[in-house]
Amino acid sequence: MENQYANEERYNKAQKRVEEIKGFYGNLTSYVFVNIGLLVLNLVTSPNHLWFFWPLFGWGIGVAIHGMKTFNYLTFFGKDWEDKKIKEFIEKEEQSKNTWK
């Protein structure tokens, strides 16, 4: 029974991880195609004023942060930080239950 629970938990974590990676690649794909479209639009309508750099830069920062979070390069809000916080909250809850018994 315990082994089945552990396998199911590992499967759920792996499935969540795959969804996170899929979400990042979806964001990256949108970023590339939308910014190519904006580049073309900018060059066709006003080639003397290159404004497409602004959304490229702004959205690029978001994509970079999303990628760092997805692939655990952010030390503060990475997976390790989440796991530590979850354990901390569980321990606090258990301690508060034990003090009321």
Side-chain angles (χ1 to χ4, degrees):
M1 182 70 173
E2 175 104 10
N3 192 22
Q4 180 183 0
Y5 175 74
N7 287 339
E8 187 174 321
E9 185 177 346
R10 281 197 310 246
Y11 176 80
N12 289 337
K13 282 185 177 183
Q15 187 176 24
K16 182 181 177 198
R17 184 82 176 110
V18 167
E19 289 298 319
E20 290 172 356
I21 293 170
K22 250 174 57 174
F24 168 72
Y25 284 125
N27 189 4
L28 182 62
T29 302
S30 299
Y31 171 76
V32 169
F33 286 113
V34 168
N35 281 295
I36 288 172
L38 290 175
L39 169 66
V40 170
L41 180 67
N42 183 192
L43 293 177
V44 168
T45 60
S46 57
N48 296 332
H49 178 68
L50 298 178
W51 51 262
F52 80 95
F53 283 116
W54 296 110
L56 181 80
F57 178 71
W59 193 354
I61 291 171
V63 169
I65 291 171
H66 189 182
M68 289 189 306
K69 185 173 187 254
T70 300
F71 297 107
N72 288 328
Y73 290 114
L74 282 180
T75 56
F76 186 66
F77 287 116
K79 187 66 177 156
D80 294 336
W81 179 84
E82 285 181 20
D83 291 340
K84 287 178 187 175
K85 278 296 178 188
I86 289 170
K87 287 178 185 176
E88 180 182 321
F89 289 138
I90 290 172
E91 288 173 3
K92 283 183 181 179
E93 186 175 324
E94 287 177 359
Q95 288 175 356
S96 67
K97 284 182 183 178
N98 290 335
T99 57
W100 292 104
K101 286 184 179 183

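Checking each of V40, N35, L39, I36 against F52 for a side-chain contact (heavy atoms from CB on, under 4.5 Å) leaves exactly one that passes, namely L39.
The cluster map of Ile, Leu, Val, Met, Phe, Trp and Tyr, joined by side-chain heavy atoms under 4.5 Å apart, puts V18 and Y25 in different clusters. Transitive grouping of hydrophobic side chains (ILVMFWY, heavy atoms separated by less than 4.5 Å) brings F71 and I61 into a common cluster. Under the 4.5 Å side-chain heavy-atom criterion for Ile, Leu, Val, Met, Phe, Trp and Tyr, F57 and L28 are members of the same hydrophobic cluster.
Contact between V63 and F24 at its shortest, heavy atoms only, is O-CE1, 3.5 Å. The two atoms that bring E20 and H66 nearest to each other are O-NE2, 4.4 Å, heavy atoms only. The heavy-atom pair separating W51 from S46 by the smallest distance is NE1-OG, 3.4 Å.
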- Task: Kindly indicate, with the supporting measurements, whether the criterion salt bridge (Lys or Arg N to Asp or Glu O under 4.0 Å) is fulfilled by E91 and K87.
- Result: CA-CA 6 Å; E91 288 173 3; K87 287 178 185 176; over 6 Å; no
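With Y31 contributing its side chain and L56 its backbone, the two residues share a donor-acceptor pair below 3.5 Å. Listed for the R17 side chain is no donor-acceptor partner under 3.5 Å among the backbone atoms of N12.
Salt bridge E19/K22: present, at least one basic N to carboxylate O contact under 4.0 Å.
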